[in-house]
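Taking it in order: structure first as structure tokens, then the write-up.
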There are 2 protein chains.
Amino acid sequence: MSVGHTAVTPQAHLGPCGDDDCGVRDVLDRLGDKWTVLVIVELSKGVRRFRELQRAIPGISQRMLTVTTRRLARDGMISRTAYATIPPQVEYALTDIGRSFARAVFALSDWSRDHKDVIAEARERWDARNTD
Amino acid sequence: MSVGHTAVTPQAHLGPCGDDDCGVRDVLDRLGDKWTVLVIVELSKGVRRFRELQRAIPGISQRMLTVTTRRLARDGMISRTAYATIPPQVEYALTDIGRSFARAVFALSDWSRDHKDVIAEARERWDARNTD
DNA sequence: CGGAATCCCATTGGATACTG
DNA sequence: CAGTATCCAATGGGATTCCG
């Protein structure tokens with residue numbers, strides 16, 4: 001039935017991109033980053049300081065928080081506001097495009113949450129069938 | 001959809017997950033893979049054989065196509081049907097959950113396409129401000 | 001054709017120490 | 001507090017060779 005109603009009409013989305021995925025990889029690479037999504041999630045709750053972010057995201061190192069926030073700031077997803085106080089104070093917040101991105105991320109995490117059980121079962125079946 | 005309101009109500013999405021992101025990372029890691037999305041996109045156009053996939057995805061190595069298809073098959077996203085002919089013939093196709101996943105991926109790629117210019121400009125401004 | 005196995009290198013990210 | 005700098009281990013993925 002030629003995929004019938006199950007067609008996803010990909011041409012309308014990625015069709016014209018031959019090789020470089022039309023720059024979509026830039027965004028997808030961020031999603032693949034270990035901490036980016038967690039930072040986005042935390043900042044979607046409101047403005048956060050560096051240490052607040054670190055405490056809110058268990059396991060993230062100082063270095064990776066710096067790297068992650070800088071990448072997001074570079075892409076315009078978050079703003080970074082430094083106050084010349086003592087001790088220093090830096091506030092991070094989602095920008096408009098960052099909030100838009102957050103909604104897209106949440107849509108995907110919703111999908112993941114809704115299907116993670118099915119995926120886990122598929123993996124178990126696959127691993128059971130393949131006893132290596 | 002307005003961007004006016006700040007809150008994205010993240011608690012409803014990832015709220016209860018303290019540390020492990022509720023298994024959402026499993027899905028996000030696939031998106032971070034270099035080739036997974038391209039394989040999904042190609043298979044959303046219809047059933048494909050191994051070589052067809054490879055020809056349709058310029059730059060992918062035999063090894064990475066094998067690795068990528070196996071991971072997707074393990075997660076139940078695609079089916080793998082081998083015919084004991086000579087020469088061998090293996091057909092890959094999206095499953096129902098794979099098509100569902102493809103739709104989620106397309107939603108994200110739509111977002112990327114719609115915002116890649118804004119992101120690119122943000123990067124240029126950031127790089128110009130930071131001349132190192 | 002459709003892989004599997006091996007080698008190898010580049011990137012990611014963790015741990016730790018130091019600084020304005 | 002909010003980083004920067006350095007070292008190091010793990011992973012991802014390319015190139016190549018072999019195999020049923």
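Residue numbering restarts at 1 for every chain, and letters A, B, ... go by the order of the sequence lines. The structure presented is a predicted model; accordingly, all values stated were derived computationally and were not measured.
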Task: Contact check, side chains of B/Leu31 and B/Phe101, non-hydrogen atoms, under 4.5 Å - done: yes
Open item on the list: Under 4.0 Å, counting only non-hydrogen atoms across every strand here, what does B/Tyr83 touch: a base, just sugar-phosphate, or nothing?
Closed with: nothing
- [ ] Return each pair, listed once, that meets side-chain hydrogen bond (donor to acceptor under 3.5 Å, both in side chains) where at least one residue sits in residues 55-64 of chain A; pairs must be two or more places apart or across chains.
- [x] none
Task: Pairing residues for B/Asp29 by the side-chain hydrogen bond (donor to acceptor under 3.5 Å, both in side chains) criterion, not counting sequence neighbours - done: B/Arg25
TODO: Check side-chain hydrogen bond (donor to acceptor under 3.5 Å, both in side chains) between A/Glu42 and all other residues, then give those that pass, not counting sequence neighbours.
DONE: A/Lys45, A/Arg48
- [ ] Examine D/dC1: is either OP1 or OP2 under 4.0 Å from a nitrogen or oxygen in the side chain of A/Arg51? Give yes or no.
- [x] yes
Open item on the list: Can you give me the first and the last nucleotide of DNA chain C (5' to 3') that has an atom within less than 4.0 angstrom of a non-hydrogen atom in chain B?
Closed with: C/dC1 to C/dT6
TODO: For the helix from C/dC1-D/dG20 to C/dG20-D/dC1, measure the angle between the helix axis at one end and the axis at the other, each built from five pairs, rounding to 10°.
DONE: 40°
Open item on the list: At under 4.0 Å between heavy atoms, how does the protein contact nucleotides 6-20 of chain D? Give one character per nucleotide, 5' to 3', with B, S or -.
Closed with: B------BBB----B
Open item on the list: Any non-hydrogen side-chain atom of A/Leu108 less than 4.5 Å from a side-chain atom of B/Leu108?
Closed with: yes
Task: Within-4.5 Å side-chain heavy-atom neighbours: B/Thr69 and B/Trp35 - done: no
TODO: Check whether any side-chain heavy atom of B/Val37 lies under 4.5 Å from a side-chain heavy atom of A/Val24, and answer yes or no.
DONE: no
TODO: Determine the contact category for A/Thr66: base if any of its heavy atoms lies under 4.0 Å from a base atom, sugar-phosphate if only primed atoms, P, OP1 or OP2 are that close, otherwise nothing.
DONE: base
TODO: Return the value, rounded to whole Å, for the distance between atom CD of A/Glu52 and atom C1' of D/dG3.
DONE: 16 Å
Task: 4.5 Å side-chain heavy-atom contact, B/Trp126 and A/Arg70 - done: yes
Open item on the list: Within the structure provided, determine whether A/Asp33 and A/Val67 are in side-chain contact (heavy-atom separation under 4.5 Å).
Closed with: no
TODO: Please report, rounded to the nearest Å, how far the C1' atom of D/dG3 is from the CD1 atom of A/Ile86.
DONE: 15 Å
Open item on the list: Can you confirm whether A/Leu43 sits close enough to A/Leu53 that some side-chain heavy atom of one is under 4.5 Å from a side-chain heavy atom of the other?
Closed with: yes
- [ ] Find out whether B/Asp75 and B/Asp26 are in side-chain contact, i.e. whether some heavy atom of one side chain is under 4.5 Å from a heavy atom of the other.
- [x] no
